Each structure stands twice: as C-alpha cells, then as structure tokens.
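Here's the structure we're looking at; comments come further down.
Lettering of chains follows the sequences in order, A, B, ..., and the numbering in each one begins at 1. These figures come from a predicted structure and were not determined experimentally.
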Number of protein chains: 2
Amino acid sequence: MATVGSSCLGCPMDPVLKAVTGRWTTTILWNLSTESPLRFGELMGLMPAISAKVLTDRLRMLEQNGIVLRTQKSTIPPEVSYELTTHGQDLHQALRSLHEVALKWNAEGWVPGQGFPEDQVARAAE
Amino acid sequence: MATVGSSCLGCPMDPVLKAVTGRWTTTILWNLSTESPLRFGELMGLMPAISAKVLTDRLRMLEQNGIVLRTQKSTIPPEVSYELTTHGQDLHQALRSLHEVALKWNAEGWVPGQGFPEDQVARAAE
DNA sequence: GTAAGTAATTACCATTTAGTAACCAGTTAC
DNA sequence: GTAACTGGTTACTAAATGGTAATTACTTAC
C-alpha cells in the first residue's frame, strides 16, 4: 500500500480517545477544566444524572492515566478533591474548541438526532 | 445555590458530546476530517477493528445529526462516499487539538492505563 | 444509640452495546 | 451458472456497561 495518509492506522489517536472520550469522561474533564479543584460531591452536583459508581470508575481511570490528580485530606469527614494534572491540562484547548462548537450548534438550532434546521426542512420535503 | 460557574448544568455540551464522542465516532470524524470524501470500504480499511454494522450505525447517526453527508452513486456496484458537512467541519479545530495532545502524550511516553513515566516511577516507589 | 456527613465499594440485576454470520441486489467476469 | 464486488441489513448471541441499594468507616450532633 502506498498511502496511509494522515489517518489513524498507526497514529496514537485511538488510545487517547479511549482515555478522554466516552460516557461522562469528557464531561468530567470539562468540569475540571473550567473549575478546579472540585470535590467528589461537587462533581456529583454538576452532573445530577451520574451515579457515584460511574463517577468513581471514571475518576480512577483518569487518575491511572495521569490525567487527573486526586488529593485526599484524611479529616473527618474526609475531603477528597480532583483537578487536572499538568498533562491533563493539555486538553484545555480541545475542550474549549468542543465547547465553542456546542455553543455554535446550539445557536444554529441544532437538535440532537435531527440535525440543523436546513436538514429538517430537507427531510420534510421528501 | 449562587454559582453554577461555567460548568455544564444547562450548557449545551452534553448532547454535542453524545453526538461526536463515543466508541468509534470520534475516530470516524477524525478520518473524515483529514481525508474526504471517503468510501465505506475505505473507512473500513482505515479502521480494521470496526465491524460493518457499527460503522453503518455510526454513519447513520452522524448523518441524522447533520454532521456527515452521505452521497450515493447508483452505479453497479454502488459507490457511496462520506464527508463532513459544513457544520461537521466546525469540529476540525477540536479534532486537530485532540490529535496534537495524542502526539504530545505519545512523545512523552504515555501508556494507556499506566499514565506518564513519572506516574509509573511514583507507583513503583510505593 | 442513632442519624448525618463524606467518599467510596460491593454485589446483583437490567440494559445497552457490540460481534458474528448469513443474506440481499444487480451486473460483470470467468 | 457461479463467484465477486459494494454497501449494506437482519437475526442471534455474547459481552460490556450502568443503575440500585446496601455497606463501610469515623466522628460529631442530637
């Protein structure tokens, strides 16, 4: 084969995508990116639909990957807070870009599962 | 509560994340972002581990969301190609940022599930 | 002595998701 | 007449994922 091009056969996108995208993961990173540090309970409050189990799972995974730093004060009751590591902060730009897209699409009337207004018009005309 | 801050209670990140992140979705978008249009079989070739079923599902979902454009030539055998819509191209910047992070982390010796070299040293010392 | 507060962990079950393999259409090449 | 090509779809099965609720631990407040 001559051209692999710039696509992802052998480029390191896949493991990174696995670590930072996926259900809740990116939302957690976005929260930690805009406000830091955040305590476990505060993260729960920002994402009312997440369960403690899944939040714990994701935070552990992100910690294992060196993306999130967990800091525990062994007080009673315990206080645990989370923030992006230096490496994790490399994601700032990507997260901000994603946020901009979200704002833009929202302003343009994008509806999840339906697309943009012109798509909906096109479908109605069929 | 006084401060919702800039976090995602009521900001439009969540539906966008649902549409563009998730297993294979971001990889597909990245491929279409770097090379376009791509035929169904070409996409399969770029992602050897994906199954036709999942690729079809993701492309349909992205099409429904107005992010990907499907073009079919009714020749025999049929030729179907995919590319980002104008709206889909809004993701270029975010995808490029993500790609940069991937390259950087790779260069820094990041290992999925293990983190960065300094994390691994820290764990070994425990 | 019992509840509240905090950050989990665990077990169990339900749901979702993904993989596999077979099949379809229509024409060309063998 | 049979296989190959292309881009799928469908049915069935298997695996991963997520939710719920109970439990842990330790101290303070009632």
Inset, instruction - Take atom CG of B:Leu55 and atom C1' of C:dT17, then tell me their distance rounded to the nearest Å. - result: 16 Å

Legend entry - Contact under 4.0 Å: B:Ser51 side-chain N or O vs C:dG19 OP1/OP2: yes

Legend entry - Spacing of B:Leu59 atom CG relative to D:dG7 atom C1', expressed in whole Å: 11 Å

Inset, instruction - State which of C:dA8, C:dA18, D:dT6 makes the closest approach to the side chain of B:Lys53. - result: C:dA18

Inset, instruction - Could you please name the option among D:dT20, C:dA8, C:dA18 that lies closest to any side-chain atom of B:Arg23? - result: C:dA18

Inset, instruction - Could you tell me which non-hydrogen atom of B:Leu84 sits nearest to which non-hydrogen atom of B:Ser33, and how far apart they are? - result: CD1-CA, 3.9 Å

Inset, instruction - Measure from the side-chain heavy atoms of A:Phe40 and tell me the nearest of C:dA8, D:dG18, C:dG19. - result: C:dA8

Legend entry - Euclidean distance, atom CG of residue A:Leu43 to atom C1' of C:dA7 [Å, nearest integer]: 12 Å

Legend entry - Closest listed nucleotide, where the reference is the side chain of B:Arg58 and the choices are C:dT17, D:dG7, C:dA8: C:dT17

Legend entry - Spacing between A:Glu42 atom CD and C:dA7 atom C1', to the nearest angstrom: 13 Å

Legend entry - Whole angstrom value for the distance that separates C1' of D:dG19 from CE of A:Met47: 16 Å

Inset, instruction - Could you please name the option among D:dT9, D:dG19, C:dA8 that lies closest to any side-chain atom of A:Val54? - result: D:dG19

Inset, instruction - Mind calculating the distance between CG (A:Asp57) and P (D:dG19) to the nearest angstrom? - result: 10 Å

Inset, instruction - Indicate the ring-plane relationship of A:Trp110 and A:Phe116, choosing parallel, tilted or perpendicular according to the 30° and 60° boundaries. - result: tilted

Inset, instruction - Please tell me if the side chains of B:Ile67 and B:Leu91 come closer than 4.5 Å, counting only heavy atoms from C-beta onward. - result: yes

Legend entry - Closest listed nucleotide, where the reference is the side chain of B:Thr56 and the choices are C:dG19, C:dT10, D:dG8: D:dG8

Inset, instruction - Could you check how far NZ of A:Lys18 sits from P of D:dT17, rounded to whole Å? - result: 8 Å

Inset, instruction - Nearest whole angstrom, please: distance from the P of D:dT6 to the CE of B:Met44. - result: 12 Å

Inset, instruction - Say whether, by atom type as modelled, one donor and one acceptor occur between the side chain of B:Gln120 and the main chain of B:Gly115 under 3.5 angstrom. - result: yes

Legend entry - side-chain N/O A:Arg39 vs C:dT6 OP1/OP2, d < 4.0 Å: no

Legend entry - Check ion pair A:Lys104-A:Glu108 (N to O, under 4.0 angstrom): yes

Legend entry - Residue-phosphate contact under 4.0 Å: B:Arg70 side-chain N/O, D:dG8 OP1/OP2: yes

